[in-house]
Amino acid sequence: MTLNEVNEETRSRMALALDVDDLVEAGRLGRRLFPWFSVAKVGLELFAASGPEAVGTFIDQGYQVFLDLKLHDIPNTVGKTARVLGSLGVSYVTVHSSGGIDMLKAAVDGLNEGATAAGLTPPMVLGVSVLTSEKSATPEKLQERISNVVAADCGGIVCAASDLLLVTEQAPELLSVVPGIRPEGVSNNDQGRPATPSTAIQEGAGLLVIGRAVTASADLEQAANAIALEVSDAL
Ligand code: C5P
């Protein structure tokens with residue numbers, strides 16, 4: 001595989017984390033990295049800066065948009081917010097699984113309603129299992145959160161690569177979305193539980209969330225291409 005010749009199966013496993021506060025800069029990253037990534041992840045920082053316009057920018061560039069807002073509130077508020085987000089045309093929305101089954105269900109229902117009313121395909125809810133900053137996470141807590149995600153009919157779960165074994169054992173039907181991706185020799189930054197692209201794929205990751213390993217690299221295209229090669233070999 002040479003630069004720019006990434007196969008679709010590999011590309012479909014790669015989500016680009018656009019953790020910047022400026023839509024012009026994010027849009028530039030999106031255009032340059034489109035050959036390697038099928039999903040653009042808009043997080044709190046970019047959404048706080050540019051809101052729904054950020055979503056539209058990446059839909060227009062041809063991406064599936066992953067809105068990583070990690071919702072967590074009373075079910076009524078989450079449901080009403082999800083109804084709005086469902087009308088934006090995004091493909092994935094994150095919700096904290098620690099918020100419980102009723103809240104997760106409210107998110108699923110709200111997204112379905114909002115998308116249907118707008119004539120769109122409903123986004124998939126991804127339950128956030130545990131944050132790497134959550135020091136008191138135990139296997140029991142993770143198991144409980146996986147069951148919340150399943151009980152609420154969410155389509156996927158966000159987890160560290162080191163939790164994939166438990167996730168795929170308990171809920172193989174969920175799309176597993178894995179951040180903390182670092183090729184050998186690349187700085188971990190603040191990632192608590194990093195894994196290489198090949199390890200994450202071999203352990204069953206469905207979608208890899210990749211940020212600074214590419215966006216902080218001196219050569220964006222080379223960094224993206226090297227990760228895509230590693231993913232492609234591991235598939
Ligand atoms: O570290 P990287 O830039 O690849 O981050 C990609 C995503 O990983 C971020 O957008 C964030 O959602 C997530 N992250 C995480 N734990 C951290 C830091 C970031 O899960 N400690």
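What's counted below: heavy atoms across the whole structure, side chains too, no hydrogens, waters or symmetry copies. We count residues from 1, following the sequence as given. Note that the coordinates shown come from a computational prediction; the quantities given were computed from them, not determined experimentally. Remember, it's 1-based here, ligands and their atoms both numbered in the order they're listed.
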Subject >> Chi angles and distances behind the side chain to side chain contact (heavy atoms under 4.5 Å, CB included) call for I181, Q191 >> reply: CA-CA 9 Å; I181 302 299; Q191 286 290 353; over 6 Å; no
Please list every donor-acceptor pair under 3.5 Å in which a side-chain atom of residues 101-120 meets a protein atom from a residue at least two apart or in another chain.
| unit_1 | atom_1 | unit_2 | atom_2 | d |
| --- | --- | --- | --- | --- |
| N112 | ND2 | V108 | O | 3.4 |
| E113 | OE1 | R83 | NE | 2.9 |
| T116 | OG1 | N112 | O | 2.6 |

Original post:
Does the N7 side chain pair with the main chain of T10, one donor and one acceptor, at a distance under 3.5 Å?
Top reply: yes
Original post:
Around ligand 1, what residues show up once you keep those with a heavy atom under 4.0 Å from it?
Top reply: A17, D19, K41, D68, K70, T132, P179, R182, D190, Q191, V209, G211, R212
Original post:
Is the number of heavy atoms from other residues, nucleotides or ligands within 6.0 Å of CD (E173) greater than 12?
Top reply: yes
Original post:
Do the ring planes of Y63 and F34 sit parallel (below 30°), tilted (30 to 60°) or perpendicular (above 60°)?
Top reply: perpendicular
Subject >> Full working for salt bridge (charged side-chain N to carboxylate O under 4.0 Å, His left out) between D22 and R28 >> reply: CA-CA 10 Å; D22 178 40; R28 203 178 290 132; over 6 Å; no
